[in-house]
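Down below is the structure, laid out as C-alpha cells.
Order of the sequence lines fixes the chain letters, A, B, ..., with proteins taken first and strands second; residue numbering starts at 1 for each chain.
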Number of protein chains: 2
Amino acid sequence: MAREQNPGGIDLLILQLLSEKEMYGYEMVTELAKRSQSVFRLKEGTLYPLLHRLEKEGAVSAYEEKVEGRVRRYYRITRRGRGKLREQREAWVRYAGAVNAVLCAAG
Amino acid sequence: MAREQNPGGIDLLILQLLSEKEMYGYEMVTELAKRSQSVFRLKEGTLYPLLHRLEKEGAVSAYEEKVEGRVRRYYRITRRGRGKLREQREAWVRYAGAVNAVLCAAG
DNA sequence: TACTATACATAGATTCTCTAGGCATGTCAA
DNA sequence: TTGACATGCCTAGAGAATCTATGTATAGTA
C-alpha cells in the first residue's frame, strides 16, 4: 500500500526541522509541539532511537557541544537527508490527497 | 503522540466507504484503488483481518449472500461504527493540519 | 530538600500493515 | 480441455513505527 513508507511520519517532521537549522533532540520535541499546537508531543523514547537510525542511514550527522554544563547533541541534515526529505514530502502530499479523495468522493 | 490512533489509516477509509453503502471485501479493494487513483492498493491479507477486527469491535456487521455461484460477505456500518468514523475523521483533519503546519512554517 | 525543566539514552510491548501463502468458482482463449 | 485470469474469501508470520516505562545526570527554584 501507500502506507509502506509511512507518509507523514516522524522522519518527515524531523528532516523538515533540520532542513531549516541545526537542532538538538530536546529542541525538536518542543519545536514540534509548538508548530503543531501540541498535536505532536513526541516522546524521547520515540525520538532518540529515530535520530540514531537517521544518522546510521546517513540522512543526518551529529556533533556534541557543551552548553550550560550540559552536553547537547546537535544534528544537521545531509545531502542524502535532503533527498529523503523531498521524497517524503511528495509521498505525504500524494497520501493526504488520496485520503481526502476517499473522504470527499461522496461530497 | 497524535499518531496513537493512526490517523488516516485503513480503518478510516473502510468506515467511510461503508457509511455510503454496504460492500463486500473485494469491492472495497477496487473502490479504494479507483478513488485514490491507485495510491491505495489494499492487500487482502491486510483487509480481511481488519474487517474481522472491526466486526469484533462492533463497528460493522456482516451477512453472507450467494451471488453468481460465489459467496460474498457483505458488511454494513453500525451506529458505533459511525461514531468511530466521526472520531477518526476528526483525528485525520487534526493530524493532516499539524503536518502541514510543520511543513509550511518556514514558507 | 524536593520538585521541575533540561538533556540524553535503552528495553520491551503494541499496533498496523505487509508478504506469502491457501482454497474455490467462473470465464475465456488456445 | 487445459491454462490463465478475475473474482472472492481466508490465515500465519514478519517487519516497521511508535508507545510506555525506566534510567542517568545537571541546573534552577520553591
Side-chain angles (χ1 to χ4, degrees), chain A residues 1-15 22-34 39-57 59-60 62-75 84 88 91-92 95 98-99, chain B residues 1-15 22-34 39-57 59-60 62-75 84 88 91-92 95 98-99:
Chain A
M1 257 247 310
R3 213 78 209 226
E4 279 146 10
Q5 292 159 305
N6 192 28
I10 300 178
D11 283 23
L12 168 64
L13 304 175
I14 296 303
L15 290 173
E22 298 179 5
M23 292 179 88
Y24 55 97
Y26 199 82
E27 193 182 6
M28 299 177 204
V29 173
T30 55
E31 179 66 17
L32 281 180
K34 185 180 143 209
V39 172
F40 299 129
R41 293 199 295 200
L42 219 49
K43 302 305 151 56
E44 287 127 308
T46 302
L47 180 64
Y48 291 111
L50 183 150
L51 287 172
H52 300 161
R53 177 174 53 74
L54 286 178
E55 193 178 2
K56 217 191 292 183
E57 287 173 15
V60 305
Y63 63 93
E64 295 192 343
E65 204 172 302
K66 189 150 193 164
V67 182
E68 293 161 22
R70 272 182 263 275
V71 174
R72 281 184 189 161
R73 203 169 155 75
Y74 279 90
Y75 290 87
K84 188 179 164 108
Q88 295 217 341
W92 163 251
Y95 185 83
V99 172
Chain B
M1 257 247 308
R3 212 84 162 119
E4 280 147 8
Q5 293 160 303
N6 192 27
I10 299 180
D11 282 24
L12 168 63
L13 304 175
I14 295 302
L15 290 173
E22 299 180 4
M23 291 179 90
Y24 55 97
Y26 199 82
E27 193 182 6
M28 299 178 204
V29 173
T30 55
E31 179 66 18
L32 281 180
K34 185 180 142 207
V39 171
F40 299 129
R41 293 199 295 199
L42 219 50
K43 302 304 151 59
E44 286 128 310
T46 302
L47 180 63
Y48 291 110
L50 184 152
L51 287 172
H52 301 161
R53 179 175 51 75
L54 286 178
E55 193 178 1
K56 217 191 293 184
E57 288 172 15
V60 304
Y63 63 92
E64 294 190 345
E65 204 172 302
K66 189 148 191 165
V67 181
E68 293 161 21
R70 273 181 262 274
V71 174
R72 283 183 188 158
R73 203 169 155 75
Y74 279 90
Y75 290 87
K84 187 177 166 112
Q88 295 218 341
W92 163 251
Y95 185 83
V99 171

For this session: Looking only at non-hydrogen atoms, find the nearest pair between A:A91 and A:P7 and report the distance.
Result: O-CB, 3.9 Å
Problem set entry | Contact check, side chains of B:I14 and B:L51, non-hydrogen atoms, under 4.5 Å | yes
Exercise. How long is the line joining CD of A:E65 and P of C:dA7, in whole Å?
Worked result: 12 Å
For this session: For B:L50 and D:dT11, give me the distance from atom CG to atom C1', rounded to whole Å.
Result: 15 Å
Exercise. Is the closest side-chain heavy-atom distance between A:M28 and A:L13 below 4.5 Å?
Worked result: no
Exercise. Considering only side-chain heavy atoms of B:E44, which listed nucleotide, C:dC8, C:dC16, D:dC10, is closest?
Worked result: D:dC10
Exercise. For A:E27, which contact category applies under a 4.0 Å heavy-atom criterion: base, sugar-phosphate, or nothing?
Worked result: nothing
Exercise. Counting only side-chain N and O atoms of B:N6, is one of them less than 4.0 Å from OP1 or OP2 of D:dA17?
Worked result: no
For this session: Take the protein atom CD of B:E68 and the nucleotide atom C1' of C:dA24, then report the distance between them rounded to whole Å.
Result: 15 Å
For this session: Would you indicate which nucleotide in D:dT11, C:dA7, D:dG8 comes nearest to any side-chain atom of B:P49?
Result: D:dT11
For this session: May I ask you to say what A:G9 touches in the nucleic acid, namely base, sugar-phosphate or nothing, with a heavy-atom cut-off under 4.0 Å?
Result: sugar-phosphate
Seminar exercise, completed: A:Y24 has its side chain closest, among D:dT18, C:dT17, C:dA7, to C:dA7
For this session: May I ask you to say what B:R72 touches in the nucleic acid, namely base, sugar-phosphate or nothing, with a heavy-atom cut-off under 4.0 Å?
Result: sugar-phosphate
Seminar exercise, completed: Here the pair of heavy atoms bringing B:E44 nearest to B:P49 is O-CD, 3.8 Å
Exercise. Whole-Å distance between D:dC9 C1' and B:M23 CE?
Worked result: 16 Å
Problem set entry | Check: B:E27/B:Y74 side-chain N/O donor and acceptor closer than 3.5 Å | no
Seminar exercise, completed: In whole angstroms, the gap separating C1' of C:dA9 from CD of A:E55 amounts to 14 Å
Problem set entry | Aromatic ring proximity A:Y95/B:F40, centre distance under 6.0 Å | yes
For this session: Between B:L51 and A:R53, just flag the one whose closest nucleotide in DNA chain D comes earlier from the 5' side.
Result: B:L51
For this session: Measure from the side chain of B:T46, starting at C-beta and using heavy atoms only, and say which of C:dT10, C:dT17, D:dA27 lies closest.
Result: C:dT17
Exercise. Can you check the B:R70 CZ to D:dC5 P distance for me, whole Å?
Worked result: 16 Å
Exercise. Do any side-chain nitrogens or oxygens of A:H52 fall under 4.0 Å of OP1 or OP2 in C:dT10?
Worked result: yes
Exercise. For A:G25, which contact category applies under a 4.0 Å heavy-atom criterion: base, sugar-phosphate, or nothing?
Worked result: sugar-phosphate
Exercise. Rounding to a whole Å, what distance do you find between A:R41:CZ and D:dT20:P?
Worked result: 11 Å
For this session: Respond yes when some side-chain nitrogen or oxygen of B:Y48 is under 4.0 Å from OP1 or OP2 of D:dC10, and no when none is.
Result: no
For this session: Choose from C:dT19, D:dT11, C:dA9 the nucleotide whose nearest atom is closest to any side-chain atom of B:K43.
Result: C:dT19
Exercise. Rounded to whole angstroms, how far apart are CZ on A:R73 and P on D:dA25?
Worked result: 19 Å
